[in-house]
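For reference, the structure is listed below as structure tokens.
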Amino acid sequence: SPEKLAQTRVTRDEMQLGNRRVPLHNGLLLVNYLSDRSYFSGQGNNNYVYDLALDLFLPDETGFENKIVFIGETSFKSKDIFTTPLGDMPGVHIHAHTVITLLGEQGAPRFVSTQLAAALGIFASLLLVFPVLRGSSWTVFALGIMEIVLIVLGAFFLFANYNWLLPASVPAAIIGISVASFAALE
């Protein structure tokens, strides 16, 4: 309604939709593409209906009261296809994911702070000190690669389970610089 729209406040860091606060990243909404699929089928809490048929048969319109219906082209031959983190996706799917991000329980993904990511990288680099004292540069290189793989897997885990985004490049860069520095010392 126009009254509720007038209550919407947007800053660089968040959007206020009534009583709901949605975090923004540099003024942009991060869309949660891994949201609960029950919203798409009308199951779960039954607040959303996701219907993509162009010829929609409505025997009883009351079934759509207080629902959100998305109607759009889903063919990959259409010009309404966009690249997302999960691959190419029809525009109507992106609209549905955006609405679920705004209204769903999980909300928008949140970034782990850069300071915490840097601290993780420094801690992982400190773990490489002991192999440097006892092992070869190949051992340090192998352990550094293993740490980077574990950090990337941890980033996937955080996103899938807690909706947090870990900038894995920060700790990976710190580990890479540490491994290169240790190799230069030999």
Side-chain angles (χ1 to χ4, degrees), residues 1-54 56 63-121 148-173:
S1 73
E3 297 82 29
K4 287 186 179 180
L5 188 59
Q7 295 174 359
T8 302
R9 302 284 178 250
V10 180
T11 66
R12 187 173 183 269
D13 298 321
E14 74 178 15
M15 179 186 325
Q16 185 81 31
L17 297 171
N19 294 333
R20 185 173 180 84
R21 294 174 58 197
V22 179
L24 300 177
H25 181 69
N26 294 327
L28 301 174
L29 173 67
L30 298 177
V31 175
N32 182 2
Y33 289 101
L34 296 179
S35 58
D36 183 2
R37 296 285 184 232
S38 66
Y39 288 119
F40 291 125
S41 62
Q43 300 167 356
N45 61 10
N46 249 349
N47 285 335
Y48 307 94
V49 173
Y50 188 62
D51 195 339
L52 299 173
L54 290 175
L56 194 58
F64 290 92
E65 188 175 334
N66 295 321
K67 305 290 191 267
I68 299 173
V69 178
F70 296 94
I71 300 173
E73 177 74 42
T74 60
S75 167
F76 280 90
K77 294 178 183 177
S78 79
K79 295 184 188 306
D80 191 33
I81 303 295
F82 300 92
T83 301
T84 72
L86 298 181
D88 289 345
M89 188 176 288
V92 70
H93 287 214
I94 295 171
H95 290 291
H97 282 288
T98 303
V99 168
I100 291 171
T101 298
L102 291 171
L103 302 178
E105 292 176 21
Q106 272 190 316
R110 299 177 192 272
F111 270 97
V112 172
S113 71
T114 307
Q115 295 86 352
L116 183 60
L120 178 63
I148 291 172
V149 168
L150 287 174
I151 286 173
V152 170
L153 290 175
F156 283 124
F157 174 80
L158 286 173
F159 182 69
N161 292 297
Y162 300 104
N163 210 24
W164 292 350
L165 296 172
L166 171 68
S169 59
V170 173

Self-check item: Any residue meeting side chain to side chain donor-acceptor pair (under 3.5 Å) with Asn26, in chain and number order, not counting sequence neighbours
Solution: Arg12

Quiz item: Taking only residues at least two apart or on different chains, which pairs with a member in residues 78-97 satisfy salt bridge (Lys or Arg N to Asp or Glu O under 4.0 Å)?
Solution: none

Quiz prompt | Residue pairs involving residues 150-160 (criterion salt bridge (Lys or Arg N to Asp or Glu O under 4.0 Å); sequence neighbours excluded) | solution = none

Quiz item: Can you name the ring-ring contact (aromatic ring centres under 6.0 Å, His included) partners of His25, sequence neighbours left out?
Solution: Phe111

Quiz item: Which heavy atom of Glu73 sits nearest a heavy atom of Val92, and at what distance?
Solution: O-CG1, 3.9 Å

Quiz item: By side-chain contact (heavy atoms from CB on, under 4.5 Å), which residues pair with Ala118, not counting sequence neighbours?
Solution: Val170, Ile174

Quiz prompt | Heavy-atom pair with the smallest gap, counting every atom of Pro90 and Phe76 | solution = CD-CZ, 4.0 Å

Quiz item: What pairs with Ser169 under side-chain contact (heavy atoms from CB on, under 4.5 Å), at least two apart in sequence or on another chain?
Solution: none

Self-check item: salt bridge (charged side-chain N to carboxylate O under 4.0 Å, His left out) partners of Arg110, counting only residues at least two apart
Solution: none

Quiz item: Would you find a donor on one side and an acceptor on the other, under 3.5 Å apart, between the side chain of Thr101 and the backbone of Ala108?
Solution: no

Quiz prompt | Atom pair NE2/OG1 of His93 and Thr84 - distance to nearest 0.5 Å | solution = 10.5 Å

Practice problem: Among Leu120, Val152, Leu116, find the residue that satisfies the side chain to side chain contact (heavy atoms under 4.5 Å, CB included) test when tested with Leu166. | Solution: Leu120

Quiz item: Rounded to the nearest 0.5 Å, what separation is found between the CG atom of Asn32 and the OG1 atom of Thr98?
Solution: 10.5 Å

Practice problem: Would you list the pairs meeting salt bridge (Lys or Arg N to Asp or Glu O under 4.0 Å) in which at least one residue belongs to residues 17-29, sequence neighbours left out? | Solution: Glu14-Arg21

Quiz prompt | Partner residues of Gln16 under the side chain to side chain donor-acceptor pair (under 3.5 Å) criterion, sequence neighbours left out | solution = none

Quiz item: side chain to side chain donor-acceptor pair (under 3.5 Å) with Thr114: which residues, sequence neighbours excluded?
Solution: none

Exercise. Could I get the full list of side-chain contact (heavy atoms from CB on, under 4.5 Å) partners for Leu24, not counting sequence neighbours?
Key: Val10, Met15, Leu29

